[in-house]
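Protein chains get the first letters and strands the later ones, always in sequence-line order, with residue 1 at the start of each. Note that the structure is a prediction, hence the values are computed from the model and not measured.
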Amino acid sequence: MPPASIFESFFATQGFALFEFLGEGEFRLIGTWPAWCRAMWGDLPTGQETVRIGDASPFLENFLFDAEQFWASKSSGSVNSGNWTERDSAGREIPLEASAYLLEGKRLIVVRNLSETFDQQQELFQTARDSLLVYEKLLREIQKKEILLHCIVHDLTQPLSAMNSVFHLLEREQLPAQLKKHVKTGERESQRQELMIRGILEAFSSDLAAQNSAKESAGDAPDLAACAQRAVREFSTAFRDHDVRLRFDSRAKKSTDWRVTGDDARLDRIFGNLLENAMRYSHKDTTVTVGVEDQGAFILAFVDDEGPGLPKDQPESQLFALFSKGKSHSGKAGLGLYFCKITVERWGGTIGAETRAQGGSRFWFRLPRAEKGSRKSETPAPEKHSPAEHAKKEKPARRLRILVADDADINRELLIELLEKRGHIAIGAKDGREAVAELEKHDFDVLLVDEEMPHMTGLQATRAIRERETGTTRHQIIIGISGHVTEEDEQRFRDGGMDAILAKPVHMQKLYEIVESTTAHVGGSRAVQAAQVAPATRPIESSAAPNTAPTSSAAGDSVAYLERSTGGNKKLMASLVAILFADAPKALARIGRAIAQNNSAEVAAAAHLLKGSLAIFGASKAVESARSLEAMGKTANLREAALEFQALETEFTNLRMQLASLAPKQKSTKHSETKTGRKTKPAAKSRKR
Amino acid sequence: MIQKKICMLGSFSVGKTSLVRRFVTSLFDEKYHTTIGVKVDKKIVKANGQDVTLVLWDIHGEDVYQKMRMSYLRGMSGYLLVADGTRRQTLDDALSLNERVVQEFGRIPALLLLNKYDLTDQWEIDSSQGAKLAAAGWNVFNTSAKTGDAVEGAFLQLAQATLDK
């Protein structure tokens, strides 16, 4: 070994070992053999000129492949091995790093002992990864709480759904007028309760979204006096049933601007909660008064009752706490007032309660007045109806012509039937291309279009329609239908030019609400000024309440679920079941075949269609399996598809048993034909209406 | 003596280093020490009646800070894919990492270890998922580097599999 120069000795003391590659795994050591190399790989054999470092270290052996490639490429610079750690003869861990260079035609490898600097690097990574772990843990905790909340809401909603069904059945019976009235009240209240529970879920799970949804400018802001009057109207029957009078305080001047920061739907819920609370504590023949007061920058709303007043041993703040209930346990779960508090405070308001000097209690909330200056016109605004009010009307304001584009026969059938039942005219199209062609030939007030369809998707169809409208004053109302509506999806639909979104599975009331309120916004005319309905400024109306997805966990709930979706229309239910029974086995066979052939695209397409069909029946487990298969198909990863397919088949069998009683009796000679023109058995090529 | 290169793969903090430590030295440290780069260890085991040196490559977990170099896996005879049973996401990450490995190196002997089985009260991987994995061809071990449960068995089974191949 040649004597070491000062430079080489310095190099070694800094933790470097330098080698020149001679070929065939042989290296020549340049300079001295550092002590740390000796501690790890032993002494160099005496008198030996070369060393095989690859034999000493498995990591270096692996790195030599990269180094040789680098030398062969004759590139400048270097190639680095990354860090590795080996143990020395004393069991200590030595952090190392190697680099390969090509200098003056020599192939060099530098191995560096990183012990001096490694601790700092280690500490940095340790801190970063510890923080990541804490962050992950926090996220999991939040998710767990959200799941718990969903479970609670689901559990609360389930009995109400059953109650709704029972009321619905009772309504059809020949009952005495008085009893019928009670049944109607019961049905209305249980439906309202269901809506309120869902509202709470919305408030909890999308705190930020709720905050953003508050309307602060006077142009869109809710009128607090109008909300109070509406609440009095809606609750008057329930109060009458309890022999309690409910009145609106007539001292509120009509000329005052009562608009506040907030939104109509949540204000309705706040008044609803306060009125329910007042009704619960009011004695017979007493009066509950709802009113509003002008307080300068704020507007106060109050609900006064003549009940026992606030409990003396319970601080006011506790009344609005989560799960707080009065000692008499007259209340429910203790969520209502908590909901009022978080909502009002989110809008920059305050809420409170007090015992009135003249007896009884006052529950009040105060909200900031809406900002002025953005008022669209000084002329009185036309009377607005909330979407719910639209849907509650027995018949729509006018008969609409609606084009329904959906590739799934069963979904198209359901939508057309529901819309016709409502008095509208509905026509079907099997994909986006057919829909666009149909719109070229005929006028429609609304296009309801599924997001995912073959040939032309809903968004592609929307773009084509919007392009055609460019330079005209026309604006086709387009409502997208999607099985999964997240905020991102909403943005995507909005950007794509759609006016509203309807979440699948479609519920009758929600369908009417969105179709009718969306057309009401444009004053009932298809040809309107573009500026009035420019998509960028129009709110997206979404039916995507977090639990509008199927909530039933077992097929056992499917009949009740279907009854609710179809408004109890037996004929329609039978027709949908017939379609399902005809199509689903074929779709299952198609999926099975595609899995066997490893045909991912086919798996995705067939699972997508089946998913839409199953969702109508609230078969959540089956829907979930179909969704998983669709995802596996889309990502071309069918590794677990066979297992998921098995689960899907089992779920479908359960669903089939559950729905068997609804299936129409099969006729031996003639097959029944549904309203969309498709034969239910055997499956025939469907035709649009 | 026969040498077999065995790689430990999986997300950060799933317990790869602890599993190696438990297997090689029968020790366990409660504190999490993150791995930077690769740690190379060796252990001689008996398989098929002969001594086999397992060269264990404990490769750092992937995260936003460090991506794994596929070149580390060159020449491996088998690998242990490790997920933390108390963090569901690490299983998804492990399976996705596995896809990259299979794409690059083809199918070679591998076992899936769901580690931290001593923390079953925090377990996030349900039995149906286990069944799905088994159906997908995975040999799954519920291991605990802390208690030593199934650790040696997993390494030995993989050693055996590398010889049988």
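- Contacts of A:Ser57 with chain B are absent, with no heavy-atom separation under 4.5 Å from either backbone or side chain.
- With salt bridges taken as basic N to acidic carboxylate O contacts below 4.0 Å, one links A:Arg627 and A:Glu624.
- Ion pair B:Glu152/B:Arg22 not flagged as a salt bridge, since none of the NZ, NE, NH1 or NH2 atoms sits closer than 4.0 Å to an Asp/Glu carboxylate oxygen.
- Within the 3.5 Å criterion, the main-chain N or O of B:Arg87 finds a donor-acceptor partner in the side chain of B:Thr90.
- The residues B:Arg21 and B:Asp58 are annotated as not salt-bridged, no charged nitrogen and carboxylate oxygen being separated by less than 4.0 angstrom.
- Using a 4.5 Å cut-off between heavy atoms, B:Val40 contacts chain A through both its backbone and its side chain.
- Of the possible polar contacts, one joining the A:Gln126 side chain to the B:Thr34 backbone as a donor-acceptor pair under 3.5 Å is found.
- Residue B:Tyr32 touches chain A through both its backbone and its side chain, counting heavy-atom pairs closer than 4.5 Å.
- In terms of non-hydrogen atom pairs under 4.5 Å with chain A, the most contact-rich of B:Arg74, B:Lys39, B:Arg88 is B:Arg74.
- Between the side chains of B:Asp149 and B:Ser144, no donor-acceptor pair of N or O atoms lies under 3.5 Å.
- Using a 4.5 Å heavy-atom cutoff, the side chains of B:Ile6 and B:Trp57 are not in contact.
- Only the side chain of A:Glu136 has a heavy atom closer than 4.5 Å to any heavy atom of chain B.
- In terms of non-hydrogen atom pairs under 4.5 Å with chain B, the most contact-rich of A:Asp130, A:Leu96, A:Asn80 is A:Asn80.
- Inter-residue side-chain proximity for A:Phe19 and A:Val111 is flagged as met; some heavy-atom pair is nearer than 4.5 Å.
- Contact annotation for A:Glu93: only side-chain heavy atoms (C-beta onward) come within less than 4.5 Å of a heavy atom of chain B.
- Residue A:Glu644 touches chain B through its side chain alone, counting heavy-atom pairs closer than 4.5 Å.
- Only the side chain of B:Ser13 comes within contact range of chain A, with at least one heavy atom under 4.5 Å from a heavy atom of that chain.
- Residue with the most contacts toward chain A among B:Gly61, B:Gly137, B:Ala136: B:Ala136 (heavy-atom pairs, distance under 4.5 Å).
- Of all the listed residues (A:Glu86, A:Arg129, A:Gln121), the one sharing the greatest number of non-hydrogen pairs under 4.5 Å with chain B is A:Arg129.
- With a 4.5 angstrom heavy-atom cutoff, B:Gln122 does not touch chain A via any of its atoms.
- Per-residue heavy-atom pair counts under 4.5 Å with chain A were compared for B:Lys5, B:Gln89, B:Glu99, and the maximum is reached by B:Glu99.
- Within the 4.5 angstrom heavy-atom criterion, only side-chain atoms of A:Glu640, from C-beta onward, approach chain B.
- At most 12 non-hydrogen atoms from other residues, nucleotides or ligands lie less than 6.0 angstrom from OH of B:Tyr117.
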